[in-house]
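Heads up, the thing below is written out as structure tokens.
In listed order, ligands and their atoms are each counted from 1.
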Amino acid sequence: MSKHILILPGDGIGPEIVDEAVKVLSAVQQKYSLDITTDSALVGGAAYDAEGDPLPESTLEKARAADAILFGSIGGPKWDAIARDKRPERGLLRLRSSLNLFANLRPAILFPQLADASSLKPEVVSGLDILIVRELTGGIYFGQPRGIREENGERVGFNTDVYSESEIRRIGKVAFELARVRGKRLCSIDKANVLEVTELWKEVISDMAKDYSDVEVSHMYVDNAAMQLVRAPKQFDVLVTGNLFGDILSDEAAMLTGSIGMLPSASLDEHRKGLYEPCHGSAPDIAGQGIANPLATIMSLAMLMRYSLDRGDVAGAIEKAVEQVLEQGLRTADIYTEGCEKVGTAAMGDAVVAAITSAAHA
Ligand code: NAD
């Protein structure tokens with residue numbers, strides 16, 4: 001059955017890195033005879049410049065019609081001073097909530113070839129392969145009431161952390177099912193000793209565990225989890241948590257690998273339609289120089305193949321090709337170490353394409 005992918009390059013290095021992922025898409029399309037159509041549209045600052053809106057209705061319509069979206073990055077100093085609701089980041093937030101992309105998957109994988117890039121000792125992180133599942137459309141980022149009001153002659157800021165049982169079950173199901181096909185261990189992160197909302201979270205996850213007897217479930221307070229992630233991160237397989245804790249812990253986990261240019265992500269709805277993007281931003285400091293690392297975007301494409309197109313074999317082939325180019329010693333500037341060969345964005349993309357093309361069929 002034909003699948004449709006919408007390409008949203010965005011701003012800064014977005015178009016440069018997405019170009020490389022599109023090369024890889026063409027290579028796997030050809031090699032595996034994939035029936036895929038693509039389209040592209042403006043988003044973020046580029047869309048604001050052209051149409052006065054970071055998420056024009058035409059882009060949202062195309063996103064609704066697609067099976068999956070490959071996204072670059074948005075934002076930059078050029079748009080920092082415009083009205084808050086027109087800023088590029090608002091476009092992305094609106095896209096995620098309009099498509100109900102409630103499940104954010106952030107793998108933190110450290111290729112053994114890059115163990116020296118981490119700020120932690122190589123033996124603590126080498127071979128790291130964990131997955132953080134973060135609830136993305138609820139919790140304190142969206143809860144009402146919220147605001148800043150006057151009270152007793154001073155300003156008071158307030159937000160509401162709220163999760164319904166159905167929201168917890170929905171994200172819990174995604175996490176349990178992913179744990180089932182990985183290392184069969186799930187750690188749920190909460191602050192149940194202080195916050196009632198996470199007391200409910202813990203109760204619901206514990207209740208769900210009865211239906212997943214093949215998955216070993218544990219619970220951890222968020223402060224301990226933050227500590228354990230830098231002390232002994234390989235103890236984890238899949239972690240599941242709410243929006244706020246997930247935001248912080250997934251950035252912490254990402255940095256264990258020492259290379260933001262290597263980290264992909266997926267945001268999925270209930271039917272596995274997804275938006276796939278690198279974890280990093282638009283890197284305005286290096287945009288236009290042809291030196292950005294395209295591998296996070298290329299591995300986001302691999303996640304797209306696995307989760308939205310059900311082609312784990314193609315995803316595996318892309319990931320293997322990435323590992324192969326690292327093994328060959330090719331490095332973009334952000335992951336370069338002495339003795340390796342420094343290459344630019346396009347050369348890195350070409351090397352991944354060559355590795356895919358020359359590999360035996362998976
Ligand atoms: P950033 O991730 O863009 O950059 C942080 C640092 O990492 C920079 O030094 C940058 O050069 C480097 N870097 C990032 N990606 C890289 C890559 N692929 N290859 C090599 N080096 C890379 O974060 P920032 O500087 O805080 O934000 C810049 C802009 O990006 C801001 O406007 C911010 O709002 C936006 N942003 C967008 C997203 C998104 O599109 N999802 C996410 C985060 C930040």
Side-chain angles (χ1 to χ4, degrees), residues 7-21 24 41-49 54-55 59 63 69-82 84-97 99 101 104-106 114 117-119 134 136 141 243 246-248 250-255 257-267 274-301 303 322 325-326 330-337 340 342-349 352:
I7 316 266
L8 297 177
D11 309 317
I13 60 169
E16 300 168 46
I17 51 179
V18 164
D19 273 356
E20 301 313 311
V24 172
L42 293 176
V43 72
Y48 174 79
D49 287 350
L55 182 66
T59 298
I69 300 155
L70 183 65
F71 191 97
S73 53
I74 41 100
K78 182 177 172 194
W79 302 283
D80 280 352
I82 63 177
R84 198 173 289 278
D85 66 327
K86 297 287 182 200
R87 288 193 195 150
E89 293 75 9
R90 286 298 167 114
L92 178 56
L93 289 181
R94 212 149 32 92
L95 184 59
R96 285 175 180 157
S97 60
L99 299 181
L101 304 173
N104 185 222
L105 277 45
R106 283 239 219 156
L114 297 181
S118 175
S119 54
R134 166 189 171 196
L136 200 60
Y141 288 8
N243 210 341
D247 192 0
I248 299 166
S250 61
D251 266 24
E252 186 188 359
M255 282 323 294
T257 70
S259 48
I260 194 148
M262 295 294 300
L263 295 162
S265 78
S267 305
L275 182 140
Y276 298 83
E277 56 176 327
C279 289
H280 59 72
S282 59
D285 53 333
I286 58 166
Q289 298 177 31
I291 59 171
N293 186 346
L295 294 179
T297 317
I298 290 172
M299 289 192 290
S300 300
L301 174 67
M303 292 185 85
V322 168
V325 300
L326 294 174
L330 302 189
R331 302 281 189 276
T332 42
D334 57 309
I335 50 172
Y336 176 76
T337 46
C340 293
K342 198 184 277 185
V343 295
T345 312
M348 187 58 108
V352 175

Check your understanding: Can you tell if the side chain of L8 reaches within under 4.5 Å of the side chain of L70, non-hydrogen atoms only?
Key -> no
Revision key, fill the gap. protein heavy-atom neighbour closest to atom 21 (N) of ligand 1 works out as I286 CD1, 3.6 Å
Review point. What about S282: any of its N or O atoms under 3.5 Å from an N or O on ligand 1?
Key: yes
Review point. At a 4.0 Å threshold, what atoms of ligand 1 neighbour a non-hydrogen atom of G75?
Key: 32 (O)
**Study point:** G76 neighbourhood, listing ligand 1 atoms whose heavy-atom distance to it stays under 4.0 Å
**Key:** 32 (O)
**Study point:** Heavy-atom protein neighbour under 4.0 angstrom from atom 43 (C) of ligand 1
**Key:** yes
Review point. Are P284 and ligand 1 in contact, using a heavy-atom cut-off of under 4.0 Å?
Key: yes
Exercise for review: Might you check, step by step, whether the distance between atom 6 (C) of ligand 1 and some protein heavy atom is under 4.0 Å?
Suggested key: no
Check your understanding: What's the shortest distance from atom 11 (O) of ligand 1 to any protein heavy atom, and which residue and atom give it?
Key -> D285 OD1, 2.9 Å
**Study point:** Closest approach of any protein heavy atom to atom 17 (C) of ligand 1, naming residue and atom
**Key:** N293 N, 3.7 Å
Check your understanding: Which of the numbered atoms in ligand 1 are below 4.0 angstrom from a heavy atom of E277?
Key -> 41 (N)
Check your understanding: Do the side chains of I69 and L99 get nearer than 4.5 Å, heavy atoms only?
Key -> yes
Review point. Is atom 19 (N) of ligand 1 less than 4.0 angstrom from at least one protein heavy atom?
Key: yes
**Study point:** Sub-4.0 Å protein heavy atom near atom 24 (P) of ligand 1
**Key:** no
Point to revise | Donor-acceptor pair, side chain of T345 and main chain of A292, under 3.5 angstrom | key: yes
Exercise for review: Run through L295, V343, I335 and flag the one making a side-chain contact (heavy atoms from CB on, under 4.5 Å) with L330.
Suggested key: V343
Exercise for review: Note the single closest protein heavy atom to atom 4 (O) of ligand 1, along with its residue, its atom name and the distance in Å.
Suggested key: A283 CA, 4.2 Å
Practice item. Give the single entry among L275, I13, D334 that approaches atom 16 (C) of ligand 1 most closely by any heavy atom. Key: I13
Point to revise | K342 charged N/C atom sitting above Y336 aromatic ring, 6.0 Å / 45° | key: yes
Practice item. Side-chain contact test, heavy atoms from C-beta onward, threshold under 4.5 Å: evaluate it for L92 versus E277 and give yes or no. Key: yes
Check your understanding: Counting from 1, what ligand 1 atoms have a heavy atom of G281 closer than 4.0 Å?
Key -> 1 (P), 2 (O), 3 (O), 30 (O), 36 (N), 37 (C), 38 (C), 42 (C), 43 (C), 44 (C)
Review point. So, are D49 and K78 salt-bridged, with charged N and O less than 4.0 Å apart?
Key: yes
Review point. For atom 34 (O) of ligand 1, what is the nearest protein heavy atom, given as residue, atom name and distance?
Key: E89 OE2, 2.5 Å
Revision key, fill the gap. Rounding to 0.5 Å, atoms CD (E89) and CD1 (I74) come to a distance of 4.5 Å
Revision key, fill the gap. Nearest non-hydrogen protein atom to atom 37 (C) of ligand 1, with distance, is I74 O, 3.1 Å
Review point. Touching ligand 1 at all, L92? Heavy atoms, strictly under 4.0 Å?
Key: yes
Point to revise | Is_contact(atom 30 (O) of ligand 1), protein non-hydrogen, under 4.0 Å | key: yes
Review point. Where the side chain of T297 meets the backbone of P278, is there a donor-acceptor pair that is under 3.5 Å apart?
Key: no
Exercise for review: Considering the heavy atoms of A292, write down every atom of ligand 1 situated less than 4.0 Å from one of them.
Suggested key: 19 (N)
Practice item. Distance to 0.1 Å, residue and atom name: give those for the protein heavy atom nearest to atom 15 (N) of ligand 1. Key: H280 CG, 3.1 Å
Review point. What atoms of ligand 1 come within less than 4.0 Å of a heavy atom belonging to S73?
Key: 40 (O)
